[in-house]
Amino acid sequence: MARLPRLVIAGQLHHVIARGNNDQPVFIDDTDRQQFLEWLRDAARQYRVAVHGYVLLPSRVQLLVTPSDEIGLGKLMQSIGRRYVPFFNGRHRRSGSLWEGRFRATVIDADAYFIECLRLLEYLPVKAGLAADMVSYPWSSHAHSIGLRKQPWLTDHAAYWKLGNTPFDRETVYQAFCTHLPDRKLADAIDTATHHGWALGSSTFKASLAKLTERRLQPARRGRPRS
């Protein structure tokens, strides 16, 4: 069966995962991480992709982004790959592929899930045993989200702005929200949707997306069609 094209819809929230080939490390040290972020920042500006959240883990990258058109997200990831892979290989005296094929992405109902998704991404280092808490891990958007270290190249999503009338209000509400663990079932649903490229949201949300793309948004029903 032919693989479906990646689901990318302009103006919608996307969850993106890029993994190392065979789960190999894609970051060895802080120099790698800092350089990746600089190229992510530059590519986001060039291709008009709003980056709302991120996390850099040893063998993968996860992003929450909103592309302004249908080609910007792909160009952003290609641009980073063209620059980062030779940089990484040169620094660490290796050759060959770094990433596991093409990156995975899907569209998520931002009104329903953005805050949950942001917390989930920023919690992953704690889940992986890389940090004692979300605040102490420096390679995610969490410090920005709670106002400890602003990164001007990040774009606060409209769903985040609904948390309060002032930056302090929003940061306080979000920080309190992060004292609770992410919902495991929702985390699994997000991972599955992103892996397969199925839209995540209500039937109403999916119906609205269907007007914007001809690409299938959910798995086809199994079995023979009813006569």
Side-chain angles (χ1 to χ4, degrees), residues 8-18 33-34 36-57 61-70 72-73 75-77 79-80 103 105-126 131 133-183 186-187 190 193-194 199-202 205 208-209 212:
V8 177
I9 301 178
Q12 297 291 331
L13 176 68
H14 293 64
H15 178 228
V16 177
I17 300 177
R33 299 179 184 95
Q34 187 59 51
F36 183 92
L37 288 182
E38 288 180 11
W39 283 330
L40 172 61
R41 177 200 63 197
D42 294 347
R45 290 172 177 169
Q46 181 177 358
Y47 298 111
R48 298 187 300 126
V49 177
V51 181
H52 310 297
Y54 70 88
V55 63
L56 307 185
L57 301 173
V61 176
Q62 296 198 39
L63 308 172
L64 286 175
V65 301
T66 299
S68 60
D69 55 42
E70 293 184 354
L73 179 56
K75 287 186 174 295
L76 175 144
M77 299 300 289
S79 173
I80 296 173
F103 69 91
T106 198
V107 179
I108 293 178
D109 183 348
D111 289 338
Y113 297 123
F114 174 77
I115 299 300
E116 290 275 7
C117 287
L118 185 63
R119 176 178 64 176
L120 176 62
L121 258 67
E122 296 174 353
Y123 178 74
L124 287 174
V126 180
D133 52 54
M134 296 164 72
V135 176
S136 60
Y137 190 73
W139 302 107
S140 82
S141 52
H142 187 67
H144 173 91
S145 300
I146 62 174
L148 288 181
R149 186 186 72 247
K150 283 301 181 181
Q151 295 177 279
W153 59 274
L154 292 177
T155 302
D156 293 334
H157 194 277
Y160 178 85
W161 278 72
K162 292 180 181 179
L163 296 179
N165 292 325
T166 68
F168 178 78
D169 291 340
R170 294 188 285 272
E171 292 156 5
T172 301
V173 170
Y174 181 69
Q175 188 167 17
F177 181 72
C178 289
T179 61
H180 305 284
L181 295 178
D183 182 85
L186 179 58
I190 294 170
T194 306
L200 181 64
S202 66
F205 174 72
S208 68
L209 293 184
L212 304 174

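Here, residue 1 is the first one in the sequence, and each next residue gets the next number.
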Problem - Where at least one partner belongs to residues 155-171, residue pairs that pass salt bridge (charged side-chain N to carboxylate O under 4.0 Å, His left out), sequence neighbours excluded - result: Asp111-Lys162, Lys150-Glu171

Handout entry: Trp139 backbone acceptor or donor facing Arg33 side chain under 3.5 Å
Key = no

Handout entry: Ser140 side chain near Met134 side chain, heavy-atom distance below 4.5 Å
Key = no

Handout entry: Any Leu212 side-chain heavy atom under 4.5 Å of Gln12 side chain
Key = yes

Problem - Closest non-hydrogen atom pair, Leu118 against Ser145 - result: CD2-OG, 3.8 Å

Handout entry: Minimum heavy-atom distance between Ile115 and Leu163, given as atom pair plus value
Key = CD1-CD1, 3.8 Å

Handout entry: Exam field: side chain Thr179 to backbone Ala176, donor-acceptor pair closer than 3.5 Å
Key = yes

Fill in the blank from the handout: Closest heavy-atom pair, Gly72 versus Tyr47, reported as atoms and distance to 0.1 Å, is O-CB, 3.7 Å

Practice task
Measure from the side-chain N and O atoms of Tyr137 to the backbone N and O of Leu124, and report whether any donor-acceptor pair falls under 3.5 Å.
Solution key: no

Exercise for the section: Report the residue from His142, Gln62, Gln151 that forms a side chain to side chain donor-acceptor pair (under 3.5 Å) with Tyr54. Expected result: Gln151

Problem - Sidechain-backbone polar pair: Ser79 side chain, Lys75 backbone, donor-acceptor under 3.5 Å - result: no

Exercise for the section: Grab the two heavy atoms, one from Glu116 and one from Asp183, that are nearest each other, plus how far apart they are. Expected result: OE1-N, 4.4 Å

Fill in the blank from the handout: Those residues at least two apart in sequence (or on a different chain) that pass side chain to side chain donor-acceptor pair (under 3.5 Å) with Arg48 are Ser68, Asp69

Problem - Heavy-atom side-chain proximity of His15 to Leu120 below 4.5 angstrom - result: no

Problem - Flag side-chain contact, heavy atom, 4.5 Å: Ile80 against Val61 - result: no

Exercise for the section: Using the salt bridge (charged side-chain N to carboxylate O under 4.0 Å, His left out) rule, collect all pairs that involve residues 133-147, keeping only residues at least two apart or in two chains. Expected result: none

